[in-house]
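Reviewing the structure listed below.
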Amino acid sequence: MILDLGRFGAHSGTGVWRTVYSPEWVEAANHFSGWCRKSGLAVHQDAVGNVWGRLEGKEAGPSIVSGSHIDSQTPGGRYDGALGAIAALVAIDALNKQFGRPRRTLEVLALCEEEGSRFAAASLWGSRAITDCIERHELDELVDDDDVSIGQAMKDAGLDPNALATAERNDIGAFIELHIEQGPVLEAEDLAVGLVTAINGLRHYRIELTGEANHAGAFPMDSRRDPMAGFAEIASGVISTAERWGRPAVTTVGQVRVEPNLPAIIPAKITFMIDVRHPGPDALKRLYALHETLIHEVANRRGLEVKISVVEDQVPLVCHPEIVTAIKAAAEDQGVQLGALSSGGSHDTQQMSKLARAGMIFVRSKDGRSHTPEEFSSIPDIVASIKVLAGTLYRLAYL
C-alpha cells in the first residue's frame, strides 16, 4: 500500500512530490477512497478534500478517528503522513474483520495540506477546516508560487470552496495519529515504536534588517550600517541560545535573502526566517523573549532598521492523558516496548486537539530522516506500530 500510494507524484526514485489539489493529489485521494470502500467503509470527501471512511458504531456518540495527511513536501518521502492514513485503514479493517461493528463509530481520515508545501500559510489546512479555524478571506489571499489562490485550486480539483463550513465537525471524541518519528531518538534507543507525550509549539519569524548599501572596499568598518553583520550575529546568537538550553529546545535559521546579493557591495537589506520550537509552554515563551531581545539589541547597536513579523504561531500540545494511557495499555497487551518522547515537528493532532482527546504514536525513522525521498521505516517496525494503534482503537471503540 505504501508503494502503491507512492506512485501518485513519484519523484527521485523513492520520493513523492504530491502537493495539495494537484492532479497527483487528486489521484491519490481517489485511490485512498477506493481502498476504504473495499474495506466496507462508508466514504465521503468533505469540502476541502479530506477523505473520510466510516465504520458505524452500534451506539450513538462521538467518533473515534485515526489518520494523517497524504500531501507531501517537494520532494518528500513515501512515509511522512501517508503511512498514518494507511495505518489507520489497516487497523480499522483488521478490527472490523476480527470483532465486527464497534460500540463507538470508527473513522479513517486522510487529511490535506498539512505540509503547507504548495500554500505556505495554509499548513494544517484540512484539520483547520474540521475545527472551523479557516477564515473565508484565506481562500482568495493564500496563493502558490504561480499566483493561484487556494480557493481556485480547490475548484480545479473539483471541490467547492463556498461549502467550506460544511467540513466542520463537532462529533469527534478522540483522534490518534500514527506518524514516522522524523528524528533519531527511537533509533538511538533501539525501539520501533514511540509514545508521543507532547508536540512542540513553534513560531516562525520573518526578520527584515535594513541598513545602507556601500562599497565593500572604500567604506570603513566602523561607519557601516551593515545588515549582513547584524544577520550573522543574530543567527549565531539564536542558534547558540538553543544549543545552551539543550534538548528539546531547537532554533533554526533556514531561509535568507540578500539585497543586493553581490560580492563587492555591503548589502542594503537582509530578510531571513527563524524557526523556534519547544514542547513546554512556559519555556517556549522564555525562548521567544530571549530571541526577540537579541534581535532588537543587535539592530539598535548596529544602527539597523528592524521589522519582525510572526508568520506562524502554534501552541504546544500535551497529549491527552486518557489517550496516553490507552496507548500504553495497548502496547503492553501487544508486547511492544514503547519509547516516550516529544514531537519536534508540528502535526494535525495539535489542531484536532481543539475538539477531541488527542494523541500520537511514532514509528522509528531510519537514520532519523524525513522530508526527503530517503526517508524509510521498515515493515516490522510499521507492523508493531499498527498493532499498538489497533489496540488503542479497540480500547476506545469496542470496550
Q: Give me the ring orientation class for Tyr394 and Tyr398: parallel if the planes are under 30° apart, tilted from 30 to 60°, perpendicular past 60°.
A: parallel
Q. Is there a chain of hydrophobic side chains (I, L, V, M, F, W, Y, each step under 4.5 Å between heavy atoms) that links Ile361 to Val108?
A. yes
Q) Measuring from Glu297:CD to Glu292:CD, what's the distance to the nearest 0.5 Å? A) 14.5 Å
**Q.** Min side-chain heavy-atom separation Asn30-Glu27 under 4.5 Å
**A.** no
Q | Aromatic ring pairing His44/Trp52, orientation class (parallel under 30°, perpendicular over 60°, tilted between) | A | parallel
Q) Which atoms form the tightest heavy-atom contact between Asp381 and Val193, and what is the distance? A) O-CG2, 4.3 Å
Q. Arg364 and Asp190: side-chain contact (heavy atoms from CB on, under 4.5 Å), yes or no, with the steps?
A. CA-CA 9 Å; Arg364 173 166 48 191; Asp190 194 25; 3.3 Å; yes
Q) Below 4.0 angstrom, N of the basic side chain to O of the carboxylate: do Lys97 and Asp93 qualify? A) yes
Q: Please examine the side chains of Asp132 and Lys354, heavy atoms only from C-beta on, and report whether any two atoms are closer than 4.5 Å.
A: no
Q. Heavy-atom count around Gln337 CD within 6.0 Å, excluding the residue itself: above 12?
A. no
**Q.** Distance-only polar pair, side chains of Gln45 and Ser33, donor-acceptor under 3.5 Å
**A.** no
Q) Can you name the closest pair of heavy atoms from Gly339 and Leu186 and give their distance? A) CA-CD2, 4.3 Å
Q | Check: Gln152 and Asp156 side chains under 4.5 Å, non-hydrogen atoms | A | yes
Q | Parallel, tilted or perpendicular: rings of Phe119 and Tyr21 (30°, 60°) | A | tilted
Q) How are the rings of Trp245 and His278 set relative to one another: parallel (under 30°), tilted (30 to 60°) or perpendicular (over 60°)? A) perpendicular
Q) So, Arg101 and Glu56, do they make that salt bridge, N to O below 4.0 Å? A) no
Q. Is there a chain of hydrophobic side chains (I, L, V, M, F, W, Y, each step under 4.5 Å between heavy atoms) that links Ile134 to Val148?
A. no
Q) When the ring planes of Trp17 and His11 are compared, do they come out parallel, tilted or perpendicular, using 30° and 60° as the limits? A) tilted
Q | Whether Thr131 side chain and Arg128 backbone form a donor-acceptor pair below 3.5 Å | A | yes
Q. By salt bridge (charged side-chain N to carboxylate O under 4.0 Å, His left out), which residues pair with Arg169, not counting sequence neighbours?
A. Glu107, Asp171
**Q.** Shortest non-hydrogen contact from Asn200 toward Pro248
**A.** ND2-O, 4.5 Å
Q. Counting only N and O atoms by type, is there a donor-acceptor contact under 3.5 Å from the side chain of Arg225 to the main-chain atoms of Gly303?
A. yes
Q. Do the side chains of Thr251 and Thr241 get nearer than 4.5 Å, heavy atoms only?
A. no
**Q.** Check: His296 and Val306 side chains under 4.5 Å, non-hydrogen atoms
**A.** yes
Q: Considering only NZ, NE, NH1 and NH2 on the basic side and carboxylate oxygens on the acidic side, decide whether Glu305 and Lys307 come within less than 4.0 Å.
A: no
Q: Mark yes or no for whether Glu177, through its side chain, and Gly84, through its backbone, hold a donor-acceptor pair below 3.5 Å.
A: no
Q) How many angstroms lie between CG in Leu111 and OG1 in Thr349, if you round to the nearest 0.5 Å? A) 9.0 Å
Q. Would you say the side-chain atoms of Glu375 pair up with the backbone N or O of His371, donor to acceptor, closer than 3.5 Å?
A. yes
(Q) Looking at Arg395 and Ile327, would you say the former's side chain and the latter's main chain have a donor-acceptor pair under 3.5 Å? (A) no
Q) So does Arg247 have more than 12 non-hydrogen atoms from other groups sitting under 6.0 Å from CZ? A) no
Q: Would you please test Arg118 and Asp71 for side-chain contact (heavy atoms from CB on, under 4.5 Å) and show each step?
A: CA-CA 9 Å; Arg118 180 176 178 184; Asp71 57 285; over 6 Å; no
Q. Would a 4.5 Å heavy-atom cut-off, applied to side chains only, mark Val324 and Thr197 as touching?
A. no
Q | Expected output: side-chain Thr293 to main-chain Ala289 donor-acceptor under 3.5 Å | A | yes
Q. Can you find a heavy atom in the side chain of Leu95 that is under 4.5 Å from one in the side chain of Pro102?
A. no
Q | Arg224 atom CZ, neighbour heavy-atom count above 12 within 6.0 Å | A | yes
Q) If you round to the nearest 0.5 Å, how far is CD of Glu189 from CG of Leu338? A) 11.0 Å
Q) With no hydrogens and no angle check, is any side-chain donor or acceptor of Asp226 less than 3.5 Å from a backbone partner on Pro267? A) no
Q.
Using side-chain contact (heavy atoms from CB on, under 4.5 Å), reason through His179 and Phe362 one step at a time and then give a plain yes or no.
A. CA-CA 5 Å; His179 204 281; Phe362 270 171; 4.1 Å; yes
Q. How many angstroms lie between NE2 in His31 and CD1 in Ile70, if you round to the nearest 0.5 Å?
A. 10.5 Å
Q. Going through the distances and angles, do Leu396 and Ile176 end up as a side-chain contact (heavy atoms from CB on, under 4.5 Å)?
A. CA-CA 11 Å; Leu396 295 172; Ile176 303 96; 3.5 Å; yes
**Q.** N-O pairing of Lys387 and Asp333 below 4.0 Å
**A.** no
Q.
Quick check on the hydrophobic clustering: are Ile386 and Val196 connected, directly or via other members, by side-chain heavy-atom contacts under 4.5 Å?
A. no
Q | Met273 and Asp275, any side-chain heavy atoms less than 4.5 Å apart | A | no
Q.
Heavy-atom count check: over 12 atoms from other residues, nucleotides or ligands less than 6.0 Å from Glu59 CD?
A. yes
**Q.** Charged N-O contact under 4.0 Å between Arg18 and Glu24
**A.** no
(Q) Nearest 0.5 Å, please: how far is CG in Asp348 from CH2 in Trp125? (A) 13.5 Å
(Q) Between Asn214 and Glu212, do the side chains contain a donor N or O and an acceptor N or O under 3.5 Å apart? (A) yes
Q) If only atom types and distance count, is the side chain of Ser117 paired as donor or acceptor with the main-chain N or O of Gln73 below 3.5 Å? A) no
Q) Which pair of heavy atoms, one from Leu139 and one from Pro161, lies closest together, and at what distance? A) CD1-O, 3.8 Å
Q. For the residue pair Tyr205 and Tyr288, does the interplanar ring angle fall in the parallel (under 30°), tilted (30 to 60°) or perpendicular (over 60°) class?
A. perpendicular
Q: Indicate if Ile180 and Val388 have the same hydrophobic cluster label, given that clusters are the connected sets of ILVMFWY residues with side-chain heavy-atom separations under 4.5 angstrom.
A: yes
Q | Reported CZ-to-CG distance for the pair Phe99 and Leu393, which is rounded to 0.5 angstrom | A | 12.0 Å
**Q.** Minimal non-hydrogen separation, Arg54 against Ser63, with atom names
**A.** NH1-OG, 3.7 Å
Q. With distance as the sole test, does Asp80 use its side chain to make a donor-acceptor pair with the main-chain N or O of Ser370 at under 3.5 Å?
A. no
Q: Looking only at non-hydrogen atoms, find the nearest pair between Thr105 and Gly57 and report the distance.
A: OG1-N, 2.9 Å
Q: May I ask whether Phe32 and Ile130 are part of the same hydrophobic cluster, defined by side-chain heavy atoms of I, L, V, M, F, W, Y residues being less than 4.5 angstrom apart, directly or through others?
A: no
(Q) Determine whether a donor-acceptor pair (N or O, by modelled atom type, separation under 3.5 Å) exists between the side chain of Gln350 and the backbone of His347. (A) yes
